Number of protein chains: 2
Amino acid sequence: MTSTADAARPPGRPRSVRADEAIVEATLDLLAEGSTIETISVEAIAARAGVGKATIYRRWPGKDALLRDALRRLKGDPPQPSGGSVREDLITLVSAIGHNVDPRAAQIMPCLVPEMKRSPEQYAFYQSIVEPRRAAMREVLRRGVREGELRADIDIEVTMAMLTGPMLIQRVLNWNPDLDEATLPEKVVDGVLAGIRAR
Amino acid sequence: MTSTADAARPPGRPRSVRADEAIVEATLDLLAEGSTIETISVEAIAARAGVGKATIYRRWPGKDALLRDALRRLKGDPPQPSGGSVREDLITLVSAIGHNVDPRAAQIMPCLVPEMKRSPEQYAFYQSIVEPRRAAMREVLRRGVREGELRADIDIEVTMAMLTGPMLIQRVLNWNPDLDEATLPEKVVDGVLAGIRAR
DNA sequence: ACGATACGGAACGTATCCGTATCGATATGA
DNA sequence: TCATATCGATACGGATACGTTCCGTATCGT
């Protein structure tokens with residue numbers, strides 16, 4: 001028993017960690033540059049990574065498995081609200097929408113939209129990214145209600161959609177070319193807080 | 001002069017109107033069933049339409065032109081607000097978001113999202129569909145301000161995003177599985193009208 | 001040093017698609 | 001009747017991608 005646990009290291013040359021990294025990075029780069037999940041090719045990935053195709057097929061059984069693993073890398077931690085006023089926390093959370101840690105995510109996420117519609121796994125993947133962020137926002141809203149800063153009769157889930165939707169369609173769909181993304185979070189939060197009805 | 005205008009009918013067998021229709025319908029069907037713009041094939045379209053490939057190439061110079069024409073069919077007229085109260089009109093408009101005349105549009109539109117990000121033509125196509133609907137909502141909001149039902153200091157464009165965003169992310173992205181799409185329009189409109197701040 | 005395994009690179013066979021060409025059959029006008 | 005152009009079907013060449021399999025080389029444990 002020379003090794004800790006049963007990590008019997010197999011003989012021969014160990015697999016290059018550098019190749020592992022390069023393959024995944026190349027995949028994400030290509031996706032961010034405009035390839036879609038269906039048009040991206042293993043050959044392009046290999047070429048971009050400076051790696052032989054065989055090296056890829058030694059690690060993954062096929063393109064789908066590789067893409068699944070690569071996309072999993074994009075999942076960052078949900079942002080932590082500072083815990084100041086409810087308004088400040090909401091602005092923090094809303095600003096983070098579609099503004100991921102990995103800048104490539106902003107380009108890649110829209111590519112997953114069509115996929116989601118038909119693949120339950122892709123939808124589950126999407127939800128696994130979105131849910132933690134929803135949870136953070138939900139907590140801030142509940143705190144606001146608890147401390148009396150927000151009304152008690154609001155629908156939390158609908159309110160989250162009201163805060164998230166505008167940012168998401170603007171950042172993902174470029175919905176309205178005339179909107180300024182930089183100031184949108186603050187305007188949306190204040191808009192939702194105040195309402196638009198005359199009084 | 002036997003013909004009205006200069007419609008000199010060419011000799012030979014006239015083109016089948018039935019084939020015209022079948023080709024476009026087959027294209028939209030395939031897109032709605034999961035094909036993306038890039039993976040759909042002329043051969044699949046021809047097979048589905050019960051048509052020879054040559055029949056397609058006799059009408060369109062290539063796949064792109066066919067897709068453009070087919071997608072243009074999905075563009076319905078923007079909904080006409082009834083002209084009642086601002087609240088009622090907004091609910092009408094918000095309910096119509098992502099709720100197109102052709103039910104296939106709901107499946108097809110998300111497919112265009114990735115395309116939009118890189119193709120200026122696709123983005124222009126998307127805007128040509130969205131802008132009339134935005135214009136209708138803008139008009140309702142301006143009317144509300146004019147008639148004193150809405151505050152005069154609201155940002156019209158941001159308000160439109162607040163009304164549109166929640167419906168769009170729910171209908172297109174299935175953003176939150178717990179939200180009820182049927183009642184969402186009314187809740188969003190009332191939420192935006194009233195605001196959530198305690199007072 | 002030696003065996004074992006990985007490496008990058010290249011080629012291969014299969015499959016699919018595009019756009020074009022060709023076929024016999026069919027429908028229209030002269 | 002006859003020329004003409006379309007019909008659906010099929011085949012083709014060129015291109016691309018997949019997944020596999022071979023090189024010759026590099027790097028590990030023993």
Side-chain angles (χ1 to χ4, degrees), chain A residues 1-27 29-31 33-70 111 115, chain B residues 1-27 29-31 33-70 111 115:
Chain A
M1 293 198 189
T2 56
S3 62
T4 58
D6 57 336
R9 199 165 295 139
R13 179 176 174 175
R15 290 191 176 167
S16 162
V17 183
R18 213 191 134 281
D20 270 298
E21 200 69 25
I23 292 167
V24 172
E25 285 301 301
T27 304
D29 280 346
L30 286 173
L31 285 176
E33 285 171 15
S35 300
T36 66
I37 290 197
E38 286 167 318
T39 60
I40 199 172
S41 74
V42 175
E43 279 171 306
I45 295 172
R48 174 62 153 266
V51 150
K53 272 206 298 177
T55 303
I56 294 180
Y57 283 103
R58 238 171 251 126
R59 289 164 165 74
W60 291 275
K63 183 166 68 160
D64 292 346
L66 165 57
L67 284 175
R68 269 195 301 274
D69 273 15
C111 296
E115 244 68 33
Chain B
M1 295 205 185
T2 56
S3 62
T4 56
D6 57 334
R9 198 165 298 138
R13 179 176 177 175
R15 290 192 175 167
S16 161
V17 182
R18 213 192 133 280
D20 270 297
E21 200 67 25
I23 292 167
V24 172
E25 285 300 301
T27 304
D29 281 346
L30 286 173
L31 285 176
E33 284 172 15
S35 300
T36 67
I37 291 195
E38 286 168 318
T39 61
I40 199 172
S41 71
V42 175
E43 283 174 309
I45 295 172
R48 175 62 153 266
V51 151
K53 271 206 300 176
T55 304
I56 293 180
Y57 282 102
R58 236 170 253 128
R59 290 162 166 74
W60 291 275
K63 183 167 69 160
D64 292 347
L66 166 57
L67 286 175
R68 269 195 301 275
D69 272 16
C111 296
E115 244 68 35

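Every value quoted in this text rests on a predicted model; they were computed, and no experiment measured them. Chain identifiers are assigned alphabetically (A, B, ...) following the order of the sequence lines, protein sequences preceding nucleic acid strands; residue numbering begins at 1 within each chain.
Note: CD1 (A:I56) to C1' (C:dG8) measures 11 Å, nearest angstrom. Distance CH2 (A:W60) to P (C:dA6): 14 Å, rounded to an integer number of Å. Between B:Y57 atom OH and C:dT22 atom C1' there is a gap of 17 Å when expressed in whole angstrom units. B:L67 has its CG atom 15 Å from the C1' atom of C:dG19, to the nearest Å. Rounded to whole Å, the distance from CZ on A:R18 to P on C:dA6 is 18 Å. One interatomic measurement links the two molecules: CD of A:E43 to C1' of D:dC18, which rounds to 7 Å at whole-angstrom precision. Atom pair B:R58:CZ and C:dA21:C1' shows a separation of 11 Å (rounding to whole Å applied). Rounded to whole Å, the distance from NZ on B:K63 to C1' on C:dT16 is 11 Å.
Between A:R59 and C:dC7, a side-chain N or O to OP1/OP2 separation shorter than 4.0 Å is present.
The listed nucleotides are D:dG8, D:dA17, D:dT21; the one nearest the side chain of A:A54 is D:dT21. With C:dT20, C:dA25, D:dC18 as the choices, the nucleotide that has an atom nearest any side-chain atom of A:K53 turns out to be D:dC18. Distance from the side chain of A:R15 is smallest to C:dC7 among D:dG8, D:dG19, C:dC7. Relative to the side chain of A:T55, the nucleotides C:dG8, D:dC7, C:dT28 differ in distance, and C:dG8 lies closest.
Judged purely by atom type and a 3.5 angstrom limit, B:T39 has no side-chain atom pairing as donor or acceptor with the backbone of B:S35. No side-chain donor-acceptor contact under 3.5 Å links A:R58 to the backbone of A:R15.
For A:I40 against A:K63, the heavy-atom pair with the smallest separation is O-NZ, 2.9 Å.
Nearer to the 5' terminus of DNA chain C, by closest-nucleotide assignment, is the contact made by A:V51 (compared with the other of B:P14 and A:V51).
A salt bridge is defined here as a Lys NZ or Arg NE, NH1 or NH2 lying under 4.0 Å from an Asp or Glu carboxylate O, and B:R59 with B:D20 meets this definition.
Backbone-only contact: A:I40 has heavy atoms under 4.0 Å from sugar-phosphate atoms and none from a base. Nucleic acid contact class of A:A46 (heavy atoms, under 4.0 Å, all strands): none.
The base of C:dT26 sits with one of its N or O atoms less than 3.5 Å from a complementary donor or acceptor on the side chain of B:R13.
Just one of B:E43, B:E25, B:E33 meets the side chain to side chain donor-acceptor pair (under 3.5 Å) condition when paired with B:R48; it is B:E33.
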